[in-house]
Structures are given as structure tokens and as C-alpha cells.
Asks: 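Before anything else, here's the structure in question.
In this chain, numbering begins with 1 at the start of the sequence shown.
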Amino acid sequence: MQYRCGDNIGFNYQYGILPFTVIDDRIPTDAKYIYVLSDHPSRAVHSPYTSRCKLILEKLFEYIKEKRPSATVVVKRGGDLFLDFARFAKAKVTICSANSSDLAPNFGPHFNWIVSPTIISNMKGLRPWTQIIDVLEGKMAMPGK
């Protein structure tokens with residue numbers, strides 16, 4: 001699963017972050033290994049939202065472990081891009097948000113490209129910002145929707 005966070009948090013148009021609930025019917029219940037590949041913590045350091053990814057990814061890890069308790073879950077931030085592409089291409093299921101860097105290796109029957117309206121791209125109505133966790137977990141509707 002590709003989970004671009006960092007600068008995607010601040011967008012309010014076609015990019016955004018995926019609700020955790022997208023895994024519910026896309027990752028097989030018998031999955032043994034689940035890799036969550038995300039951007040490096042130092043990517044987009046100019047974005048005021050980048051630091052929020054740590055908490056979001058921690059909560060995503062907890063959510064996946066709760067939903068797929070028998071799977072080994074790995075959250076990987078940064079690293080070898082070519083190795084990440086190989087992981088995408090070899091995966092039985094690949095999940096990506098609307099993000100052009102994921103398209104090249106992933107066309108095929110295992111590819112799930114998630115686009116609007118599923119992505120959450122405008123978070124201005126969330127105060128405090130940590131309410132996004134409840135929205136991502138499906139516990140709260142996005143304000144204004």
C-alpha cells in the first residue's frame with residue numbers, strides 16, 4: 001500500500017490522503033504481509049503539515065493490525081525507490097492514492113488506484129487537526145460533507 005502523506009495533507013484538490021477504511025475490502029483477510037510505503041520524513045520539510053504524518057502512520061499501523069491481526073505489518077518511510085517499485089509490482093494487491101509516481105509499475109489485475117471522492121483532501125474544517133484520525137478510521141464524517 002502506498003500512503004503518501006507529507007505534502008498531500010495540505011492539498012485541497014485532486015491529491016489527499018486515503019481513509020484507513022479503504023483496506024477493509026481491498027486487502028484480503030488472509031494477507032500474511034502488508035507493506036505500507038510512505039514518503040521519507042524529510043520530504044517536503046517546507047510543508048507545515050509534514051510533521052503530522054508520524055501520528056497518522058502510527059494510527060494507520062494500529063488500524064491495520066486490528067483489522068488484519070495475523071498479518072505482519074511494516075510501515076516504511078523512504079528508502080530505495082526502485083525496491084519500492086519492485087514491491088508494488090510483485091504484490092498480490094497494490095493500493096495507491098491518486099499519485100502519478102505509483103502508476104508505472106502497477107497496471108494489472110492487482111492494482112487498486114483510489115481516487116476522489118474517497119481521498120480526503122480538504123482538512124480545513126478539522127479543529128483540532130487530530131480529528132482527522134477519527135475521519136480516517138471511519139468514526140466521524142468529514143465536516144461539510
Side-chain angles (χ1 to χ4, degrees), residues 1-45 47-81 83-103 105-106 109-145:
M1 173 182 202
Q2 183 270 348
Y3 203 87
R4 185 172 167 189
C5 194
D7 56 351
N8 271 9
I9 295 175
F11 288 140
N12 59 3
Y13 53 98
Q14 69 190 32
Y15 293 125
I17 57 176
L18 289 174
F20 302 165
T21 54
V22 300
I23 72 157
D24 293 348
D25 60 358
R26 289 182 174 89
I27 295 179
T29 55
D30 63 345
K32 292 184 175 117
Y33 302 97
I34 301 170
Y35 280 86
V36 177
L37 307 176
S38 190
D39 38 338
H40 194 278
S42 66
R43 184 178 186 279
V45 291
S47 172
Y49 308 107
T50 299
S51 63
R52 297 176 180 181
C53 289
K54 182 178 185 300
L55 176 63
I56 291 170
L57 291 168
E58 287 170 359
K59 294 296 185 178
L60 175 60
F61 175 84
E62 292 171 12
Y63 184 90
I64 294 172
K65 284 304 293 178
E66 179 184 317
K67 298 292 182 175
R68 303 293 184 269
S70 60
T72 299
V73 180
V74 177
V75 176
K76 192 174 154 305
R77 297 194 70 186
D80 187 322
L81 184 62
L83 184 56
D84 289 348
F85 276 174
R87 284 188 177 106
F88 288 143
K90 295 288 186 181
K92 291 180 183 174
V93 175
T94 300
I95 299 172
C96 296
S97 58
N99 181 338
S100 58
S101 68
D102 299 316
L103 296 179
N106 290 308
H110 66 288
F111 180 63
N112 290 268
W113 188 26
I114 314 299
V115 294
S116 184
T118 303
I119 61 171
I120 298 170
S121 59
N122 189 350
M123 294 169 233
K124 292 183 181 180
L126 296 168
R127 299 289 183 266
W129 80 266
T130 52
Q131 284 184 332
I132 190 63
I133 302 301
D134 291 331
V135 173
L136 294 172
E137 292 177 343
K139 297 176 183 174
M140 177 179 138
M142 190 67 189
K145 292 237 175 184

Asks: Among V36, V22, D39, whose side chain to side chain contact (heavy atoms under 4.5 Å, CB included) with Y3 holds?
Replies: V36
Asks: Check Y35, Y33, F61 against V73 for a side chain to side chain contact (heavy atoms under 4.5 Å, CB included) and give me the one that passes.
Replies: F61
Asks: Determine, step by step, whether E62 and K65 satisfy the salt bridge (charged side-chain N to carboxylate O under 4.0 Å, His left out) criterion, reporting the C-alpha distance in whole Å, the side-chain angles of both residues, the deciding distance to 0.1 Å, and the verdict.
Replies: CA-CA 5 Å; E62 292 171 12; K65 284 304 293 178; over 6 Å; no
Asks: For K76 and R87, which heavy atoms make the closest approach, and how far apart are they?
Replies: CE-NH1, 3.3 Å
Asks: Can you name the nearest heavy-atom pair linking S38 to L57, along with the distance?
Replies: OG-CD1, 3.6 Å
Asks: Looking at residues at least two apart in the chain, or sitting in another chain, which of them share a salt bridge (Lys or Arg N to Asp or Glu O under 4.0 Å) with K32?
Replies: none
Asks: Distance check, rounded to the nearest 0.5 Å: T94 atom OG1 versus M1 atom CE?
Replies: 11.0 Å
Asks: I'd like to know if the side chain of R68 and the backbone of A31 have a donor-acceptor N/O pair within less than 3.5 Å.
Replies: no
Asks: Can you sort out the partners of K67 under salt bridge (Lys or Arg N to Asp or Glu O under 4.0 Å), two or more places apart, ordered by chain and number?
Replies: none
Asks: Considering residues at least two apart in sequence or located in another chain, which fulfil the side chain to side chain contact (heavy atoms under 4.5 Å, CB included) criterion with P69?
Replies: none
Asks: At their closest point, which heavy atom of F20 faces which heavy atom of I56, and how far apart are they?
Replies: CZ-O, 3.5 Å
Asks: Please find the pair of heavy atoms, one from L136 and one from L18, that lie closest to each other, and give the distance.
Replies: CD2-O, 3.4 Å
Asks: Working to the nearest 0.5 angstrom, can you tell me the gap between T21 OG1 and R26 CZ?
Replies: 8.5 Å
Asks: Specify the closest pair of heavy atoms between I34 and A71, including all atoms of both residues, with the distance to one decimal.
Replies: CD1-CB, 3.8 Å
